[in-house]
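What follows is a short report on a single structure.
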6 protein chains.
Amino acid sequence: MAELTHLDDEGRARMVDVGAKAVTDRRAVARATVRMAPTTAAAVRDGNAPKGDVIAVARIAGIQAAKRTSELIPLCHGLPLSFVDVVAEVDVEAGIVTLTTDARTSAQTGVEMEALTAASVAALTVYDMVKGIEKGVEIAEVVLLEKSGGRSGTWRRGG
Amino acid sequence: MAELTHLDDEGRARMVDVGAKAVTDRRAVARATVRMAPTTAAAVRDGNAPKGDVIAVARIAGIQAAKRTSELIPLCHGLPLSFVDVVAEVDVEAGIVTLTTDARTSAQTGVEMEALTAASVAALTVYDMVKGIEKGVEIAEVVLLEKSGGRSGTWRRGG
Amino acid sequence: MAELTHLDDEGRARMVDVGAKAVTDRRAVARATVRMAPTTAAAVRDGNAPKGDVIAVARIAGIQAAKRTSELIPLCHGLPLSFVDVVAEVDVEAGIVTLTTDARTSAQTGVEMEALTAASVAALTVYDMVKGIEKGVEIAEVVLLEKSGGRSGTWRRGG
Amino acid sequence: MAELTHLDDEGRARMVDVGAKAVTDRRAVARATVRMAPTTAAAVRDGNAPKGDVIAVARIAGIQAAKRTSELIPLCHGLPLSFVDVVAEVDVEAGIVTLTTDARTSAQTGVEMEALTAASVAALTVYDMVKGIEKGVEIAEVVLLEKSGGRSGTWRRGG
Amino acid sequence: MAELTHLDDEGRARMVDVGAKAVTDRRAVARATVRMAPTTAAAVRDGNAPKGDVIAVARIAGIQAAKRTSELIPLCHGLPLSFVDVVAEVDVEAGIVTLTTDARTSAQTGVEMEALTAASVAALTVYDMVKGIEKGVEIAEVVLLEKSGGRSGTWRRGG
Amino acid sequence: MAELTHLDDEGRARMVDVGAKAVTDRRAVARATVRMAPTTAAAVRDGNAPKGDVIAVARIAGIQAAKRTSELIPLCHGLPLSFVDVVAEVDVEAGIVTLTTDARTSAQTGVEMEALTAASVAALTVYDMVKGIEKGVEIAEVVLLEKSGGRSGTWRRGG
């Protein structure tokens, strides 16, 4: 059976030792979606009008969280990110806010967790800002879309 | 139209002033689900066998993240939590790991974001530990289940 | 001669013990100004146009820094803020961006350092965003404008 | 017109991608000045006498803040500093405490924000320690004095 | 057999729920000792001469660490400290630096971990500063000396 | 007399400038011991039984603390760790829990403080979890066992 790389022979959690891995350019793209009523999505979009900061706050929160990933995820390695971005799209009719994140580095380990952490925290921030007008909003998905660099090459989400 | 409480009259993001709110006992329960192949879920369950730390790491990560919610979510107020817990369940056949979180305080504002942040970070930590054996694992949902305390009383997720 | 409250009898730095102070509503207002060329100030203002995030980033940075004041200023007490805000104004002709901050709590000690920290970090964030187009931009002032609550009552900056 | 490097084509704030930049030795020197009454400045100087810690606290606060710059300034890259220092000078007659900071690294991006953040937080820490004996003390200036390394070479503040 | 309060019925780690505990004044005093060669202890003492910052750095590090205890110790509750202090003594002949810490709050839970964390980090900081002149320096002890407040009353270390 | 590398010519604390040091593989191993009654040690061991998390929590706390060493120890350089581990052993009869840590990096400076910080925080976490059943538990020792890499080569603790 497949063995969890984060467990040693006795099942104890551990960091993976990346000291022998090559430094290569790494990139990961992730996405989170937040599902709400169309009227709430409209308020988010309007909050994105002149001087409106809704999406900006979510984007900044995601970027800052990416930089702190190794503080949040216990077995993650710290690494210096060369780039992080969070793009937000609002589909008012469908009642969906989508947060797509992009993280890059040149390091011995990948940035998959950084991209996913940015997406999660950006989504939580959108939730925080709409919870006053709608209860029960849902973070409907947090997924990796693409990952490249390192020994395992490029992976893209199917379908 | 409903107005976002986190925007001022000109649409600028802001913290809500909770200075005039009553201090009451607050509680929130949230849930995140992580979807993976049954064989991966079996490894998580086995990682939970004697000396296995998989679930323990996720639980600790969630508890610690709850305490740092106001650092992650820009417009959240800091508050002293009296209790946080993260319970994990593994459904091997369905390939689902469920993280249910419970946050409590006595404060002027609620702990909804704390419970959701704990669930999100616990789910990300599960993802981090299984990503070496399965690509494309999905955080399928992060939702509030229940919320009580404060002026708006108790809310429970329907269905 | 006046004695520094943060030094004990032997001159050693210390936290002031606030345990015997009354819990009262506290508020502080501070201001930072950033001086730059009018063309740079115009770019900041335009960066504040639809979808432009310059001012939003500075405001969020200030709000988040206020919440972490006690981590940055060694002898500051941690306290739960009930409100923090950062308002930015751009005077293009004068080449001045002004960041005015407002911090509030109900606690045994004041929020002067929180308001000043928010102003400083918001100003540094403006600097960070314009440094690519103008070298030598200057944070020209960080001052307290007003402070109320606690034994010493209300203070307002003169002239 | 000059364009802000921290905004994308649609005006959204972003981190600059430094992945393609060369790793070079980088250095930045910054200065903050704190203006107070001569008697207050004398207390700071005396607080610097045997066993007095005033200046030491400010220096340590500045060094520690430099290391956390990327947590405070949203679009800053994290980088490992090889050196940070904060030198304090007290001019009693003029009522001025000057904090001069020096930050160094070998990285793909500069350390200007690290030097300025160290200066700002050291100045705020001086303020915190004198606010009990004088109201209205002013951080009168936070500026970059010198910057070297990277494509744009060496810059020194005029006049 | 005595049961660990931090484990639930199934042995899972958890935070203790302090929501029903009374808010009382709490205090804890702890001590760490660092053992080194007398010549090294002399350098520490001399580093404590005019302008010397060795002890000051250790004291500040301890105070700051106390404020972050709940970030370091996973099941600790965050609480606002009303006072923290670190007193250092150097016994040159015995080659011992002693760090005694005092933490106070008014809260639903005690400050034992805060006092011990301050002592540990102050001791590590002394170690950091002497490691360049002596290898093998030892943190010889970190203990609680006294604890008061809360249901269990006052406890003092024997002998 | 030996001079403290963390003090400049005037005795002011400073970071050592590591900019000219070579990047080499670095490793450090440290150990902390916690002394308690045998019955308490038995509870820790049993807390390590199926689903029991005592040791897991201490290990995770140590790993996470290692990554934040430069935030805790003022003059430490931040560096990206390639590996950290904490191994715990319980000697019930002797009433001793031993935490052995291993930190590795490839950098311009060593990881001695990271290994010691991990050991200290893991020990404090064990203390936190047993303090409810035994007062007066003692962290009896925090020491470096081994250090390698860099100019000074390999050092091993005698005896």
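Keep in mind it's a predicted model, so treat the numbers as computed, not measured. Below, chains carry the letters A, B, ... as their sequence lines are ordered, and counting in each starts from 1.
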At a heavy-atom separation under 4.5 Å, does F:T117 approach chain E through its side chain, its backbone, both, or neither? both
Heavy-atom contact with chain E under 4.5 Å, split by part of F:M129: both
Would you be so kind as to tabulate the donor-acceptor pairs closer than 3.5 Å made by side chains of residues 69-76 of chain F, with sequence neighbours excluded?
| from | atom 1 | to | atom 2 | distance (Å) |
| --- | --- | --- | --- | --- |
| F:T69 | OG1 | F:A65 | O | 3.4 |
| F:T69 | OG1 | F:A66 | O | 2.8 |
| F:E71 | OE1 | E:R68 | NH1 | 3.1 |
| F:E71 | OE1 | E:R68 | NH2 | 2.8 |
| F:E71 | OE1 | F:R68 | NH2 | 3.2 |

Note: vs chain E, highest number of non-hydrogen pairs under 4.5 angstrom among F:Q64, F:R35, F:K135 is F:K135
Using non-hydrogen atoms only, which part of F:E112 is less than 4.5 Å away from chain E: side chain, backbone, both, or neither? side chain
Evaluate the criterion side-chain contact (heavy atoms from CB on, under 4.5 Å) for residue pair F:V142 and E:Y127; output intermediate values, then yes/no. CA-CA 11 Å; F:V142 184; E:Y127 180 104; over 6 Å; no
Is the shortest distance from a Lys or Arg side-chain nitrogen in F:E138 or E:R157 to a carboxylate oxygen in the other one below 4.0 Å? yes
Side chain, backbone, both or neither: which part of F:A140 has a heavy atom under 4.5 Å from chain E? backbone
Where on F:E141 is there a heavy atom nearer than 4.5 Å to chain E: the side chain, the backbone, both, or neither? both
So for E:S120, is it side chain, backbone, both, or neither that comes closer than 4.5 Å to the heavy atoms of chain F? side chain
Picking from F:V57, F:V130, F:T125, F:D128, what satisfies side-chain contact (heavy atoms from CB on, under 4.5 Å) with E:H6? F:D128
Winner by heavy-atom pair count (cut-off under 4.5 Å) against chain F, out of E:G136, E:A61, E:G132: E:G136
